[in-house]
A.B. asks: 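Please see the structure below; I have some questions.
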Amino acid sequence: NYSLQLTGFSADITPATLRYQADELDLPIPHAAPALPPQTRAERYADELGALGLSPHEHVMTFYRAWLDAAGMVTSATLEGCDDGQRVRVAGLCVVHQAPPTAKGFHFLTLEDEWGMLNVIVSPGLVTRDGRHLHSARVLLIEGTAQREGDVINLIAQRVGPLVAG
């Protein structure tokens, strides 16, 4: 056993335990939680994302939804009702970005919004022009043409950019 004596502090130290003499630790311990303002939705989302890597409560697109709806953006749910060849604008969190070497420069994106996923095809020329956004922005705004083949609908991108609301 070891004994440690410092001014205003003492402790007995054994190899497996550290015991404090309670009367020597004059630390005020508050019994009430501090009064903090409630978290905003965005703060709660950021905390959940930081701790868990995802939010079990909200999708990031819910923070943009009012603005997106006012701007006439199509969602993954409403894209199903679009006609083949119809020009649309969509926005979503880029969850998949593929550029297979066999695709001759084409890139394939999967965007996610609150309701589901949508597929985006980006041509080699557009990758050259707007490709910096494909690697730097997580939330993308895509303008393009709906392409319907059977039950599958893709968006052929004509413009790619970061989503900047407001």
A.B. asks: Could you pull out all residues at least two apart from Arg159 that satisfy salt bridge (Lys or Arg N to Asp or Glu O under 4.0 Å)?
C.D. replies: Glu143
A.B. asks: Could you tell me which residues satisfy side-chain contact (heavy atoms from CB on, under 4.5 Å) with Thr102, sequence neighbours excluded, listed by chain and number?
C.D. replies: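 Thr102: side-chain contact (heavy atoms from CB on, under 4.5 Å) contacts with Pro100.
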A.B. asks: With sequence neighbours left out, what residues match Arg132 under side-chain contact (heavy atoms from CB on, under 4.5 Å)?
C.D. replies: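 Arg132 satisfies side-chain contact (heavy atoms from CB on, under 4.5 Å) with no other residue.
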A.B. asks: Run the side-chain contact (heavy atoms from CB on, under 4.5 Å) test on Glu149 and Asn154 for me, step by step, so that the C-alpha distance in whole Å, both residues' side-chain angles and the decisive distance to 0.1 Å come before the verdict.
C.D. replies: CA-CA 8 Å; Glu149 289 189 26; Asn154 294 310; over 6 Å; no
A.B. asks: Identify the two heavy atoms, one from Asp84 and one from Gln147, that lie closest to each other, and give their separation to 0.1 Å.
C.D. replies: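 That would be OD1-CA, 3.3 Å.
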A.B. asks: What residues join Phe106 in its hydrophobic cluster, counting side-chain heavy atom gaps under 4.5 Å, either direct or through other members?
C.D. replies: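 The other cluster members (ILVMFWY side chains, heavy atoms under 4.5 Å, direct or chained) are Phe108, Ile121, Ile156.
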A.B. asks: Is the backbone of Thr40 close enough, under 3.5 Å, to the side chain of Glu43 for a donor and an acceptor to pair up by distance?
C.D. replies: yes
A.B. asks: Share the residues that join Val90 in a hydrophobic cluster, the rule being Ile, Leu, Val, Met, Phe, Trp or Tyr side chains under 4.5 Å apart at the heavy-atom level.
C.D. replies: Val74, Leu79, Val88, Leu109, Leu111, Leu118, Val120, Val122, Leu126, Val127, Leu134, Leu140, Ile142, Ile153, Leu155, Val160
A.B. asks: Between Leu68 and Ala91, which heavy-atom pair has the shortest distance, and what is it?
C.D. replies: CD2-CB, 3.8 Å
A.B. asks: Taking the side chain as C-beta and beyond, is there a heavy-atom pair between His133 and Leu141 under 4.5 Å?
C.D. replies: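 No, side chains not in contact.
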A.B. asks: For Glu114, what residues pass the salt bridge (Lys or Arg N to Asp or Glu O under 4.0 Å) criterion, not counting sequence neighbours?
C.D. replies: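 Here the qualifying residues are Arg65.
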A.B. asks: Is Arg148 reaching over with its side chain to a backbone N or O of Cys82, donor-acceptor style, under 3.5 angstrom?
C.D. replies: yes
A.B. asks: Check side chain to side chain donor-acceptor pair (under 3.5 Å) between His57 and all other residues, then give those that pass, not counting sequence neighbours.
C.D. replies: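 For His57, the residues satisfying side chain to side chain donor-acceptor pair (under 3.5 Å) (neighbours in sequence not counted) are Glu48.
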A.B. asks: For Thr78, enumerate each residue passing the side chain to side chain donor-acceptor pair (under 3.5 Å) test, keeping only those at least two apart in sequence or located in another chain.
C.D. replies: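 Once residues adjacent in sequence are excluded, the partners of Thr78 under the side chain to side chain donor-acceptor pair (under 3.5 Å) criterion are Thr75.
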A.B. asks: If Ile, Leu, Val, Met, Phe, Trp and Tyr residues are connected whenever their side-chain heavy atoms lie under 4.5 Å apart, and connections chain through other members, are Trp115 and Leu163 in the same group?
C.D. replies: no
A.B. asks: When rounded to the nearest 0.5 angstrom, what distance separates CH2 in Trp67 from CE in Met73?
C.D. replies: 4.5 Å
A.B. asks: Quick check: are there more than 12 heavy atoms from other residues, nucleotides or ligands sitting under 6.0 Å from CZ of Arg138?
C.D. replies: no
A.B. asks: Apply side-chain contact (heavy atoms from CB on, under 4.5 Å) to Thr110 and list each qualifying residue two or more places apart in sequence or on a separate chain.
C.D. replies: Val95, Val96, Met117, Asn119
A.B. asks: Would you name the heavy atoms of Gly116 and Ser76 that are closest together and state the gap between them?
C.D. replies: N-OG, 3.1 Å
A.B. asks: Who passes salt bridge (Lys or Arg N to Asp or Glu O under 4.0 Å) against Asp151, sequence neighbours left out?
C.D. replies: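 Scan of Asp151 (salt bridge (Lys or Arg N to Asp or Glu O under 4.0 Å), adjacent residues dropped) gives none.
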A.B. asks: To the nearest 0.5 Å, what is the distance between CG (Asp69) and OH (Tyr64)?
C.D. replies: 14.5 Å
A.B. asks: According to ring-ring contact (aromatic ring centres under 6.0 Å, His included), who are the partners of His107, at least two apart in sequence or on a separate chain?
C.D. replies: His97
A.B. asks: Quick one: hydrophobic cluster around Val152, which other residues, with the 4.5 Å side-chain cut-off, linked directly or via members?
C.D. replies: none
A.B. asks: Considering non-hydrogen atoms only, spot the tightest contact between Glu58 and Phe63 and give its length.
C.D. replies: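 For Glu58 versus Phe63, the nearest heavy atoms are OE2-CZ, 4.1 Å.
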